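One structure is given here, and the rest of the page talks about it.
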Amino acid sequence: MSQRLTINQGTKPIYDIVYENDFNKLAEELEKFDIANKKLCVITDSRVKGFYADEICELLKDKCKKILVFDFPDGERSKNLDTVKNIYEFLIQNKFERKDMLLALGGGVVGDTTGFVAATYLRGVDFVQIPTSLLAQVDSSVGGKTGVDFDQYKNMVGAFYMPKLVYMNLSTLKTLDDRQYYSGMAEVMKYGLIKSASFYEWLIENMYEIHERNLETLEEMVYKSCTFKKLIVDKDPTEKGERALLNFGHTIGHAVEKYKNFELMHGECVALGCVAAAYMSWKRDLIAMDDYYEIRDMFVPFNLPISIENIDPEEILRLTASDKKMEGDQIKFILLKKVGKAYIDTSVTKDEILAGINEIYFTEEDWDA
Ligand code: GLY
């Protein structure tokens, strides 16, 4: 396949995303950054380490000064300042200098945490994203958002910090467990909903191949998703405006994620948040009732939830207010005008958000109905 996409800031090229089906070109790509004179630290999680860390070390060990691996327990609960501190300690003990390089090998948690360490260790060291989950390949590894959670606040501490390169080996998607894979599909569907009705249709038409994880379909799906993200982040890298559209489904989604203490996966919560936001769009007469039900029901064949039991809607409403997407007292809420077109609304009321949350709340009466 060997496709490339360049992320720019304005017209200035900043870094490339490379699409491959293996890791065979990783050394060649990294040699462009003079790794012969650098120490490399592969930062990964306990799960991904078992799959790919040895292979990466084997491929790079003769090309750089030294390569070390640091891993931490997998899952969102590791995305915090304790993990950051442990990585700083490891880098200090191993005398990593500013000219050395970090490689983030894993999903969104690994990429966001490593990126934040790279942005802050010695006031900034180079890093490369090697995303291995669908969610990281289509979203979190692209666009330079790095950071960790702080107490109950998601992604509250972080920096915009660009990687030198994003190297995607699409065959890593084959080793994802089903739940992780479909969690990534929520972000893919989000691109269709906010940016492209034809991509949304394409996803539905290619549902079988997507379930089968057909490599050619995955390549097209990931590449197109990154193209949508590129269109947005090239123009608005630091979320002064349009980038906020990417938060469709995330305001209520993040609140559910926190409420459930990260028992649900990020994409599962995003799917719930998208359903709630689509419902709110219908209730404002922005989209038709049929459109709402179609959007809602289309998450089901991709194994994503459209309702949730055992929640306290008022508490979720309270948590949405502690999300970062606030401007003063106003929440920046993303609503749909139609499939393929989203906009930022700052007039959404608490009652509307509560109605959205109640729509995804599955109660005992729903069983009886
Ligand atoms: N994941 C949303 C963004 O990168 O802006």
Side-chain angles (χ1 to χ4, degrees), residues 5-9 14-15 17 76 79 104 106-116 118-119 127 129 131-149 153-163 166 168 180 183-196 199 221-258 262 265-274 277 304 320 323-327 331-336 342-344:
L5 200 61
T6 303
I7 301 293
N8 301 310
Q9 261 171 27
I14 304 293
Y15 58 94
I17 308 172
E76 183 76 25
K79 194 173 151 178
V109 171
V110 168
D112 286 6
T113 308
T114 305
F116 182 64
F127 89 114
Q129 292 271 20
T132 58
S133 73
L134 182 58
L135 191 131
Q137 292 191 351
V138 297
D139 182 25
S140 60
S141 71
V142 177
K145 272 190 183 175
T146 75
V148 293
D149 305 333
Y153 302 103
K154 214 173 132 71
N155 298 331
M156 188 48 89
V157 179
F160 286 101
Y161 192 69
M162 305 301 155
V166 182
M168 301 202 186
Q180 274 191 319
S183 167
M185 279 309 297
E187 299 285 2
V188 175
M189 292 171 78
K190 179 193 79 179
Y191 289 119
L193 291 171
I194 65 167
K195 266 287 178 207
S196 168
F199 181 59
M221 183 172 87
V222 173
Y223 185 82
K224 281 185 173 161
S225 297
C226 292
T227 311
F228 294 123
K229 183 143 188 189
K230 171 189 159 57
L231 282 175
I232 293 176
V233 298
D234 276 5
K235 277 191 271 165
D236 181 21
T238 53
E239 202 169 306
K240 300 270 189 295
E242 194 192 350
R243 185 166 181 167
L245 296 180
L246 294 171
N247 297 331
F248 179 65
H250 283 61
T251 305
I252 291 177
H254 277 168
V256 172
E257 205 174 349
K258 281 179 280 190
F262 301 106
M265 303 209 73
H266 177 68
E268 293 168 345
C269 298
V270 168
L272 290 165
C274 288
L304 286 161
T320 59
D323 201 63
K324 296 186 309 317
K325 299 160 199 70
M326 298 287 289
E327 235 173 43
I331 200 145
K332 273 203 259 175
F333 213 97
I334 315 303
L335 295 175
L336 287 184
Y343 77 103
I344 304 166

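Every number for a ligand or one of its atoms is a count from 1 in the order of the listing. Just so we're clear, the structure is a prediction, and the values are computed from it rather than from any experiment.
Counting only distance, with no hydrogens or angles, the side chain of Thr320 and the backbone of Thr251 share no donor-acceptor pair below 3.5 Å.
Ligand-side atoms of ligand 1 in range of Asp139: 1 (N), 2 (C), 4 (O), range being under 4.0 angstrom from any heavy atom. Counting atoms of ligand 1 from 1 in the listed order, those under 4.0 Å from a heavy atom of Leu246 are 2 (C), 3 (C), 5 (O). Every atom of ligand 1 is numbered from 1 in the order shown, and the set under 4.0 Å from a heavy atom of Lys145 is 2 (C), 3 (C), 4 (O), 5 (O).
Looking at Asp234 and Lys230, a side-chain N of the basic residue comes within less than 4.0 Å of a carboxylate O on the acidic one, giving a salt bridge.
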Could you give the side-chain donor-acceptor pairs of residues 183-192 under 3.5 Å, partners two or more places apart or in another chain?
unit_1	atom_1	unit_2	atom_2	d
Ser183	OG	Gly267	N	2.9
Glu187	OE1	Lys190	NZ	2.8
Glu187	OE2	His250	NE2	3.0
Glu187	OE2	His266	NE2	3.1
Lys190	NZ	Leu246	O	2.8
Tyr191	OH	Val138	O	2.6

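Counting heavy atoms closer than 4.0 Å to ligand 1, residue Lys229 contributes side-chain atoms (C-beta onward) but none from N, CA, C or O.
The salt bridge (Lys or Arg N to Asp or Glu O under 4.0 Å) pairs that include a residue from residues 242-252 are Lys195-Glu242, Lys235-Glu242, where partners are two or more places apart or lie in different chains.
Atom 5 (O) of ligand 1 has Arg243 NE, 2.7 Å as its closest protein atom, hydrogens excluded (heavy atom only).
There is a side-chain donor-acceptor pair under 3.5 Å between Lys79 and Asn155.
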